[in-house]
Structure formats: structure tokens, C-alpha cells
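Working notes, structure below.
Only this structure's heavy atoms are used, side chains among them; waters, hydrogens and symmetry mates stay out. Small disclaimer: the values here were computed from a predicted structure and weren't measured. The chain is numbered in sequence order, starting from 1.
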Amino acid sequence: MTQIFITGTQKIPNQLKNEKTFNCTVIENPYNLRAALHGTNEEKIIVVFLPFLEIRHFDIYSYLQRTIPNVKTFFVVNELSSSMKIKLKTHRDFVVLWKTEEANLANDILAYLEGKSLQLREDKREPHENKAMLSPSLLPLGMENKGFQPIMGGSFENISVNGSCLKIKAPFYSKKDFVSLTYQNKAGEYVSIEGQVRWTKWNEGEQSQELGVQFLTQG
């Protein structure tokens with residue numbers, strides 16, 4: 001069972017608590033981590049919740065990873081300092097997730113344990129409550145869209161300047177399809193974007209198709 005040590009929060013996040021292969025412990029004072037990590041030789045994951053990730057945090061946790069066997073640190077952060085952004089481009093010591101991607105934390109830890117490489121998303125994804133309208137793209141490449149694809153109302157899981165994850169109530173779109181997305185931004189303005197579907201997944205429980213869309217243009 002993988003040992004998970006959590007600091008920066010007072011309770012175990014539900015997505016970690018529900019993973020049966022994790023043994024989770026909250027360490028309220030991060031300076032107590034060293035003693036806790038020495039208690040086992042098995043694989044150990046530190047999960048650190050921080051509003052702002054700086055170089056001094058990098059130095060502290062990098063030292064723990066160098067001096068204690070089988071330790072990996074996952075940061076869940078709201079913001080990164082500019083020097084930390086530069087540091088992360090050349091140092092892969094840690095796995096860093098935006099706070100908006102916290103729901104993926106358990107799956108990302110499992111992916112790491114399976115030997116997969118994990119990287120920080122360049123753009124922070126934010127929740128977006130307003131609905132979207134999705135239709136086949138009018139770009140020339142949009143002619144590659146296959147079959148009947150009507151205009152569909154969709155809801156955003158999240159959105160960034162370069163892409164979005166959204167849901168529609170029918171499996172009409174396929175990977176590589178070009179789409180036109182129209183929605184109202186937080187300022188109340190209507191935005192039209194041309195994009196390409198990068199991945200799709202059918203959610204059986206919600207009876208909806210989940211789409212990862214990369215933005216190509218913005219109007």
C-alpha cells in the first residue's frame with residue numbers, strides 16, 4: 001500500500017481517501033515530514049497544498065527527496081512564482097498540478113506509480129459556469145467532419161486560453177474533428193472559437209460525451 005503524506009490542508013481530500021491502495025496521513029507541520037518519511041522504506045508520496053509555489057519550497061522538498069529513499073512530491077498550487085516557472089522547465093524533481101486540476105490528483109499519483117511521465121499544464125484551467133454551443137467548424141479543414149453533427153449545447157468542465165474540456169449529451173464528435181465553439185465569457189461578451197477535438201470519452205454514468213478541445217482561433 002502506497003504511503004501518502006499530506007500537508008497544507010487539515011483533512012484528507014476525498015479523491016485520495018477513496019483510493020483503496022493509498023494509506024493517507026495528514027502532517028499539519030511540514031517540518032515533521034522528515035521523521036514521518038523515515039518510518040517506512042516503501043514508496044512514499046508527499047502531497048503539498050500551497051497557494052503560491054516559490055523557490056524556497058523547491059529547496060526544502062528537493063532536499064527531502066535527495067536524502068530519503070523512495071520519495072516523490074506532488075504540489076497542488078494556485079499560483080507559481082516567475083522564478084519557479086523557469087525552474088520547472090529544467091528540473092523535473094516534482095509533479096505540479098494547478099488547484100483547478102485537484103480532482104485528477106489520485107489518478108495522477110497512480111499514473112506516476114505506473115511509471116508514466118507527468119507534466120504541468122502550461123495554462124491554468126479555470127471552471128466556467130456559462131454554457132457553450134458546439135457545431136461543426138466552418139474552417140476548410142472542418143470538411144473532414146464525418147456524419148450528422150448538429151449544433152449541441154454543452155457545459156464546461158474547465159477552460160484556459162488554449163483549450164477546454166466540455167460535455168455534450170450525445171456522442172456526435174470524434175478525435176480530430178474541427179468544431180466551432182460559442183460561449184459567453186465572464187465579462188458577458190460572446191466569444192466564438194474554432195478548435196479541434198483532441199480526445200473524447202463517453203461518461204456512462206452521466207450519459208454524456210466528454211471532449212478535450214484545443215483552440216485554434218478566437219474571434
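Atoms CD1 and OG1, from Ile6 and Thr25 in turn, are 7.5 Å apart once rounded to the nearest 0.5 Å. Note: Glu42 CD to Gln3 CD = 8.0 Å, rounded to the nearest 0.5 Å. Once rounded to the nearest 0.5 Å, the distance linking OH of Tyr61 with CZ of Arg56 reads 10.0 Å. Note that OG1 of Thr2 is 6.5 Å distant from CD of Glu43, once rounded to the nearest 0.5 Å. Summarising the geometry, atom CG belonging to Asp108 is positioned 10.0 Å from atom NZ belonging to Lys116; distances are rounded to the nearest 0.5 Å. In this structure, CD1 in Ile55 is found 5.5 Å from OG in Ser81, a value given to the nearest 0.5 Å.
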Apply the test side-chain contact (heavy atoms from CB on, under 4.5 Å) to residues Val96 and Met84: give CA-CA distance (whole Å), side-chain angles for both, the deciding distance (0.1 Å), then the verdict. CA-CA 11 Å; Val96 182; Met84 195 68 239; over 6 Å; no
Test log, rule side-chain contact (heavy atoms from CB on, under 4.5 Å), inputs Val47 and Ile109: CA-CA 10 Å; Val47 179; Ile109 292 174; 4.1 Å; yes
Give the intermediate values and the outcome of side-chain contact (heavy atoms from CB on, under 4.5 Å) for residues Tyr190 and Met133. CA-CA 11 Å; Tyr190 283 92; Met133 296 301 293; over 6 Å; no
Go through it in stages, so that I can follow the logic: the residues are Val213 and Tyr173, the test is side-chain contact (heavy atoms from CB on, under 4.5 Å), and I'd like the CA-CA distance, side-chain angles, deciding distance and then a yes or no. CA-CA 11 Å; Val213 178; Tyr173 288 93; over 6 Å; no
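Here the closest non-hydrogen pair linking Leu37 and Leu64 is CD1-CD1, 4.3 Å. Residues Asn78 and Lys99 come closest through the heavy atom pair OD1-CB, 3.4 Å. Smallest separation of non-hydrogen atoms from Pro171 and Trp202: CD-CZ3, 3.6 Å. Of all non-hydrogen atoms in Met1 and Lys20, the two that sit nearest each other are CE-O, 3.2 Å. The minimum heavy-atom distance between Phe215 and Ser164, with the atom names listed, is CZ-CB, 3.7 Å.
Other residues, nucleotides and ligands contribute at most 12 non-hydrogen atoms within 6.0 Å of the OH atom of Tyr63.
When side chains are defined from C-beta on, Trp199 counts as touching Cys165, because their heavy atoms get closer than 4.5 Å. Using a 4.5 Å heavy-atom cutoff, the side chains of Phe22 and Ile45 are not in contact. The closest side-chain heavy-atom distance from Leu166 to Leu181 is below 4.5 Å. Side-chain contact between Phe58 and Leu53 is absent, with no heavy-atom pair separated by less than 4.5 Å. The closest side-chain heavy-atom distance from Val48 to Phe74 is not below 4.5 Å. Side-chain atoms of Leu105 and Phe49, non-hydrogen and from C-beta on, do get closer than 4.5 Å to each other. The closest side-chain heavy-atom distance from Thr67 to Arg34 is below 4.5 Å. A heavy-atom distance below 4.5 Å is not found between the side chains of Phe172 and Thr200.
Not a single donor-acceptor pair under 3.5 Å links the side chain of His38 to the backbone N or O of Ala35. Without hydrogens or angle criteria, Lys169 side chain to Glu206 main chain gives a donor-acceptor distance under 3.5 Å. Here the side chain of Gln196 pairs a donor or acceptor atom with the backbone of Lys176 at under 3.5 angstrom. Checking side-chain atoms of Thr73 against main-chain N and O of Ile46 turns up no donor-acceptor pair under 3.5 Å. Between the Asn107 side chain and the Asn104 main chain, no donor and acceptor come within less than 3.5 Å of each other.
The aromatic rings of Phe75 and His57 sit tilted, their planes meeting at an angle between 30° and 60°.
Cluster annotation: Leu97 and Phe52 are assigned to distinct hydrophobic clusters (Ile/Leu/Val/Met/Phe/Trp/Tyr, side-chain heavy-atom contacts under 4.5 Å, transitive).
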Donor-acceptor contacts, no H, no angles, side chain residues 9-19, under 3.5 Å, sequence neighbours left out:
unit_1, atom_1, unit_2, atom_2, d
Gln15, NE2, Glu102, O, 2.8
Asn18, ND2, Asn14, O, 3.1
Glu19, OE2, Thr21, N, 3.3
Glu19, OE2, Thr21, OG1, 2.8

